[in-house]
Amino acid sequence: MEHLKEIFATVLKDNLESDLTEKDILSLIEKPKISEQGDLAFPCFTLAKTFKKAPQLIASELANKLEHPLFDQVVANGPYVNVFLEKRQVSREIHEKVLQEKDAYGSYTIGEGKNIVFDTSSPNIAKPFSMGHLRSTVIGNSLALIVEKLGFNAIKVNHLGDWGTQFGKLIVAYKLWGDEEKVRNQPIKELLDLYVKFHAEAEDNPSLDDEARAWFKKLEEGNEEAQSLWKWFRDESLKEFSKIYELLNVDFDSYSGEAFYNDKMGRVIDLLNEKGLLEESEGAEVVKLDEYDLPPTLIKKKDGATLYATRDLAAALYRQDEYEFDQAIYIVGHEQSLHFKQLFLVLEKMGYEWAKRMVHVPFGFILKDGKKMSTRKGKVVLLEEVIKEAIELAKNNIDEKNPDLANKEEVAQAVGVGAIIFHDLKNERLNNVEFSLEEMLKFEGSTGPYVQYTFARACSILRKANVTEFESSGLNDEDSWEVTKMLMNFPNTVLRSYEQLEPSNIAKYLLNLSQAFNKYYSKVKILNDDADQMSRLALVKAVTIVLKEGLRLLGIRSPEAM
RNA sequence: GUCCCAGUAGCUCAGCUGGAUAGAGCAACAGCCUUCUAAGCUGUCGGUCGGGCGUUCGAAUCGCUCCUGGGACGCCA
């Protein structure tokens, strides 16, 4: 589509005596909202001033002059010049392009030789894997795939929340009320109960908080008892998490969490001191950000222990040393926007030019009854159970609709998990979403299974056709044209998803492509034996290529039958 | 109190850097399987785009302001 816009712009430029550059013209060109109006449109409002003529008049004069072999007709429609493309030629061109490039269709090379580090997923040890972490995991995974399609090398770091005062709290809680048996049997559940109990008790007995801080200090200093409890909690939690990652088909290049940076804090503090950025304030040590009108960043607590920001600074320095990243992308909830703003500014004050290439990709919360879910109060929904339920539901659907399907288990997993991932990615990531099992487990309408189903149907046609070599001579009908136009938009959609770091662009695109194809499918008999059959099959093949690739970019599998 | 998000159909949301009659899905109702998978398709119903002012030939889109909801604001992460 982009190159057709450029052709249109060139033709316009040649027929216009104005000081508009080709680039100006290109940016004015748009797609008519209603496809009956044409394929490309040029509004003449801005020309009205320079020519001192009514835009309608300019449009009709222009429409008569414009010609190009790829234009079927050019018509004036009020103040717009609308172009109808030569369907057969353009569609042939697009079909052939997709068939030749296959899953590389929509790829770019702009990222070659550059590393992008993703900080993604990052669940907290000793807490259940929440719906919020699902968002980070799924968005991060998709963005990494998108970025790789642009040629970048993506490095996914799971910055585990395996350090911090929370472990002091857990140790205190375990020593007071813990039961080794129980923890061994149901680690996550039991540890969560202890955590929740701690917060409940601490409300009446604030000295517990002091104890927790003391235990965390001991942990940081290498106290043996603290260390072994910590390690135990961590191991049990990781076991649970890996089950979920397996179901989601997600992996990481590094699991270096916060604890990993424990011995790298000294360097950060030394550097901050050297640069004269560290100041004492109310007993703690901070970096002030007054010049940006922001509150100071706390680096060291009054008891000398480090904080979240300290560890993130250490992590940033380490990652730049280790990966020489071109960009660092943090996929973390939008509640932490201030923290990242501060983090990046502190690095900038430290004189690192790469701090400007760090970006926080925030996302909205999962709400329960209109409020943020809080682990501290035990208000969590366990992801693993949700996924299992989705797979079970998908299985029931298969038993009902396609009982003879070969690899039911595998397909059920792809569809169930696909529904959950797609549900998370289809909307703009900054939107808050109300947690709703019902919504997540829908398989009809704008859902992942809808796209997967479209793919499976298209594959089914190709199996029946039983051809191996596809070749398109182009198609001339309105129904296939809508599908072809969607195919044309794929590369641009990929690019926009990268520019906006927004996987939902691809999800929405896939819904539109699926819808266009399903309409086509219901109207036109593809396997009808006539002169255009081969071209129709080429179109179907192209659709399967793009659907599969698009789903892949979201981290969703595409079963060929369901 | 200060700052950051958001407010579009009964519900969940699209609406690209302002442009032609504001679009989907769900729900409700009415249709379509002796022909390529009905997890699909077609149609009906449904909107003062939170309110107001402004910029513009043109505003759901940009600016200001108010209202509502959510979030963040130094020893949690």
Side-chain angles (χ1 to χ4, degrees), chain A residues 27-28 30-34 37 41 43 45-46 48-49 55 77-80 82 122 124 161 163-166 169 209 212-213 258 281-286 293-303 305 307-309 311-312 332-339 341 362 364-365 367 370-372 375-376 394 397-398 400-402 405 415 419 423 426-428 430-434 436 438-439 442-447 449-454 456-465 492-493 496 500 504-505 508 511-512 514-515 518-519 521-528 540 561-562:
Chain A
S27 69
L28 286 171
E30 51 192 85
K31 265 192 308 189
K33 277 188 184 151
I34 305 166
Q37 289 175 332
F45 303 102
T46 40
K49 267 186 191 163
N77 188 337
Y80 289 85
N82 292 339
S122 313
N124 293 320
W163 207 242
T165 314
Q166 56 177 334
K169 293 178 183 174
D209 282 319
R213 272 189 285 274
E258 296 186 54
S281 165
E282 295 170 36
E285 296 195 44
V286 306
D293 256 340
L294 290 175
T297 309
L298 263 80
I299 303 295
K300 235 179 175 181
K301 295 194 263 189
K302 60 183 167 212
D303 66 3
L307 286 145
Y308 185 41
R311 288 188 283 279
D312 263 356
V332 182
H334 123 263
E335 73 227 48
Q336 294 190 30
S337 295
L338 177 60
H339 164 74
K341 223 182 257 179
F365 313 108
L367 304 176
K371 298 268 183 207
K372 199 186 154 200
T375 317
R376 294 186 185 185
N397 266 307
I398 294 168
E400 187 188 318
K401 295 167 204 278
N402 195 356
L405 188 67
V415 173
H423 173 260
K426 75 174 170 180
N427 290 328
E428 197 180 329
L430 221 37
N431 290 354
N432 288 344
V433 295
E434 175 69 28
S436 157
E438 205 188 328
E439 283 293 322
K442 264 186 188 153
F443 292 175
E444 290 164 22
S446 33
T447 63
Y450 173 78
V451 178
Q452 289 173 316
Y453 179 70
T454 309
R457 278 169 127 194
C459 286
S460 172
I461 292 178
L462 296 178
R463 277 194 298 274
K464 292 229 157 89
N492 199 247
T493 303
R496 262 185 43 217
Q500 302 174 0
S504 67
N505 286 328
K508 281 171 208 147
L511 288 172
N512 290 333
S514 297
Q515 200 168 46
N518 282 327
K519 279 182 187 171
Y521 179 96
S522 67
K523 271 191 179 173
V524 177
K525 171 92 177 162
I526 291 152
L527 291 175
N528 196 34
V540 174
M562 63 186 268

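Chain letters run A, B, ... following the sequence lines, proteins first and then strands; every chain starts at 1.
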- Message: Base contacts versus sugar-phosphate-only contacts with protein, heavy atoms under 4.0 Å: please encode nucleotides 36-45 of chain B as B, S and - from 5' to 3'.
- Response: BBSBSSS---
- Query: Could you write out RNA chain B as a dot-bracket string, with dots for unpaired bases, | for bases paired across to another strand, and Watson-Crick or G-U pairs counted at under 3.5 Å?
  - Reply: (((((((..((((.........)))).(((((.......))))).....(((((.......))))))))))))....
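- Residues passing the side-chain hydrogen bond (donor to acceptor under 3.5 Å, both in side chains) test with Asn432(A): none are found, sequence neighbours excluded.
- With distances taken from any side-chain atom of Asn77(A) to the nucleotides A20(B), A14(B), C13(B), the minimum falls on A20(B).
- Residues passing the ring-ring contact (aromatic ring centres under 6.0 Å, His included) test with His423(A): none are found, sequence neighbours excluded.
- The distance from atom CG of Asn505(A) to atom C1' of C13(B) is 14 Å, rounded to the nearest whole Å.
- Lys525(A) pairs by the side-chain hydrogen bond (donor to acceptor under 3.5 Å, both in side chains) definition with nothing, not counting sequence neighbours.
- For Glu439(A), the salt bridge (charged side-chain N to carboxylate O under 4.0 Å, His left out) partners at least two apart in sequence or on another chain are Lys442(A).
- Residues meeting the side chain to side chain contact (heavy atoms under 4.5 Å, CB included) test with Ala458(A), sequence neighbours left out: Phe517(A), Val540(A), Thr544(A).
- Judged as a side-chain hydrogen bond (donor to acceptor under 3.5 Å, both in side chains), and not counting sequence neighbours, Thr493(A) has no contacts.
- Evaluation of the side chain to side chain contact (heavy atoms under 4.5 Å, CB included) rule for Glu444(A) yields no partner, not counting sequence neighbours.
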- Message: Does the protein touch nucleotides 3-8 of chain B at the base, only the backbone, or not at all? Give it as B, S and - per nucleotide, heavy atoms under 4.0 Å.
- Response: ------
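- Here C26(B) is the nucleotide among G74(B), C75(B), C26(B) with the atom lying nearest to any side-chain atom of Lys442(A).
- The ring-ring contact (aromatic ring centres under 6.0 Å, His included) search around Tyr308(A) returns His339(A), not counting sequence neighbours.
- Contacts of Asn427(A) classified as side chain to side chain contact (heavy atoms under 4.5 Å, CB included), with partners at least two apart in sequence or in another chain: Asn431(A).
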